[in-house]
Amino acid sequence: MVSARRERSLTTIVRDRLEQMILQGELGAGTRLNEQALSKVLGVSRGPIREAARLLERDGLVASVANQGAFVRQLSIEEALELYDLRAVIAGYACAQLAERASAVEKREMREMVEEMDRCITTEEEARYFELNLAFHDRIAELSGGRRTLELYTSLGKEVRLLRRRVLRGTDSLRFSNEEHKQIVAAIEDGDAPAARQAAEQHHINGKRRWLDTL
C-alpha cells in the first residue's frame, strides 16, 4: 500500500513537471514525449512518465498516436476557435457572478493584480505578465463561487495556454490586454453584472482575433 501511494505521488510530481515544460514551451506542440530522454532529465524511471502522459492526455495537453507514442498536442484552428469561444462564455458568466457578490477585499485584490500587470509592462517583464494574466482569470473563476465554473474554466485554460504565448507578446499587446482587464475590474467594482459579462466575453473574443492575426 505504501509503495502504491509513493508511485502515485511520483506520477503526480512528474505530471506537474511535464505540464510545466509543455505550458512554458520547453516541449513544443508536436514534440514526442521520449520516455528514455525524459527519464534522464527528470531522474525517474519510464513508468511514471508513461502514467503522467496518460493524465496529461486527459487534460487535453497530450495526444497518443498508435504505435508511435505520446505527443504534445497540436490544436487545429477549428479546435482553437472553439476553445476561445467556450472560454468567453464561461468567463462572462464568472465575471457577472463575481460582480454581484465581490467583497471589498476581493475587489481590491483584482485591482492590485491589474496594477501589478501594469508594472510588468513598464519593466518589460513579459513572462511575469503572462503568469499574472493566467492567475487573474483563474482567480475570477474561483471567486465567482461556482465549483463547476472554476473546473471548466481552468480545464479549458490549459489547452488555450498552448496558444496564448503567441498572442501576449510585445508591449503594445500587453498594454491592450491589460486595458481590457481594467474594464472587467471596473465593472466588478461597480457591481454591474451585465457590463462585467460583456467586458469579459469581449476580452476573450479579442484574444481569439489576436491569435488569428498570428497565423
Side-chain angles (χ1 to χ4, degrees), residues 23 59-60 75 78-123 125-214:
L23 296 181
D59 289 339
L75 293 171
E78 292 76 14
E79 288 174 319
L81 295 178
E82 182 181 14
L83 284 171
Y84 270 112
D85 287 343
L86 288 171
R87 287 259 293 180
V89 172
I90 297 171
Y93 174 81
C95 286
Q97 292 295 303
L98 184 56
E100 293 179 346
R101 59 178 290 154
S103 67
V105 171
E106 291 166 347
K107 291 176 182 179
R108 184 167 61 251
E109 179 184 356
M110 293 293 97
R111 176 60 60 180
E112 288 174 350
M113 293 182 80
V114 167
E115 291 172 350
E116 180 62 22
M117 281 187 273
D118 261 345
R119 284 191 286 271
C120 289
I121 295 171
T122 300
T123 56
E125 296 179 74
E126 193 170 284
R128 172 64 175 159
Y129 180 94
F130 182 78
E131 295 304 321
L132 282 170
N133 174 68
L134 296 172
F136 172 78
H137 290 292
D138 286 350
R139 184 61 172 150
I140 287 176
E142 181 180 5
L143 292 176
S144 72
R147 181 179 63 84
R148 292 294 291 158
T149 300
L150 176 61
E151 289 175 353
L152 288 168
Y153 189 80
T154 55
S155 175
L156 292 172
K158 289 180 180 180
E159 296 180 70
V160 173
R161 282 182 71 174
L162 295 172
L163 312 168
R164 198 176 293 156
R165 279 188 180 275
R166 293 173 57 179
V167 175
L168 292 177
R169 290 180 180 274
T171 300
D172 289 343
S173 177
L174 301 189
R175 186 172 290 116
F176 190 87
S177 169
N178 210 35
E179 286 304 313
E180 293 177 341
H181 292 157
K182 291 174 185 177
Q183 293 174 19
I184 293 171
V185 171
I188 291 172
E189 289 175 329
D190 290 342
D192 189 336
R197 183 190 296 271
Q198 182 178 6
E201 289 185 356
Q202 191 61 52
H203 175 57
H204 285 70
I205 296 302
N206 288 344
K208 179 178 72 172
R209 291 171 179 165
R210 289 192 288 269
W211 176 74
L212 284 170
D213 288 340
T214 70

Is it the case that atom CD in E109 sees more than 12 heavy atoms from other parts of the structure closer than 6.0 Å?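 Buried by this count: over 12 neighbours within 6.0 Å.
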
Has Y93 got more than 12 heavy atoms of other residues, nucleotides or ligands less than 6.0 Å from its OH?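 Atom OH in Y93 is not packed in, count stays at 12 or less.
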
Would you check if [X] and [Y] make a side-chain contact, meaning some heavy-atom pair closer than 4.5 Å?
X    : Y    : value
E180 : F176 : yes
M113 : V185 : no
F136 : L132 : no

Nearest 0.5 Å, what's the [atom1]-[atom2] distance between [X] and [Y]?
X    : Y    : atom1 : atom2 : result
L81  : L212 : CG    : CG    : 5.5 Å
R128 : N133 : CZ    : CG    : 12.0 Å
H137 : I184 : NE2   : CD1   : 5.5 Å
E100 : C95  : CD    : SG    : 12.0 Å
E131 : C120 : CD    : SG    : 10.5 Å
T122 : R175 : OG1   : CZ    : 7.0 Å

Distance-only donor-acceptor check, side chains Y153 and S144, under 3.5 Å: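 Short answer, no.
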
Does the distance from a Lys or Arg side-chain N to an Asp or Glu carboxylate O, for R148 and E151, drop under 4.0 Å?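 Answer for the salt bridge query: yes.
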
Does the pair T149 and Q97 meet the rule for a side-chain contact (heavy atoms from CB on, under 4.5 Å), with working shown? CA-CA 10 Å; T149 300; Q97 292 295 303; over 6 Å; no

Could you point out which residue of Q202, H203, R210 forms a side-chain hydrogen bond (donor to acceptor under 3.5 Å, both in side chains) with N206?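 Answer after filtering Q202, H203, R210: Q202.
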
If you take all heavy atoms of [X] and [Y], which pair is closest and at what distance?
X    : Y    : result
H181 : V114 : CB-CG2, 3.9 Å
A88  : E201 : O-CG, 3.2 Å
R119 : E112 : NH2-O, 4.4 Å
L83  : L75  : CD1-CD1, 3.8 Å
A200 : A91  : CB-O, 3.7 Å
L156 : I90  : CD1-CD1, 3.7 Å

Donor-acceptor pair, D138 side chain versus T154 backbone, under 3.5 Å?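 No; judged by distance alone, with no hydrogens or angles, the pair does not exist.
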
Backbone N/O of E189 and side chain of K107: donor-acceptor pair under 3.5 Å: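 Confirmed, K107 side chain pairs with E189 backbone.
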
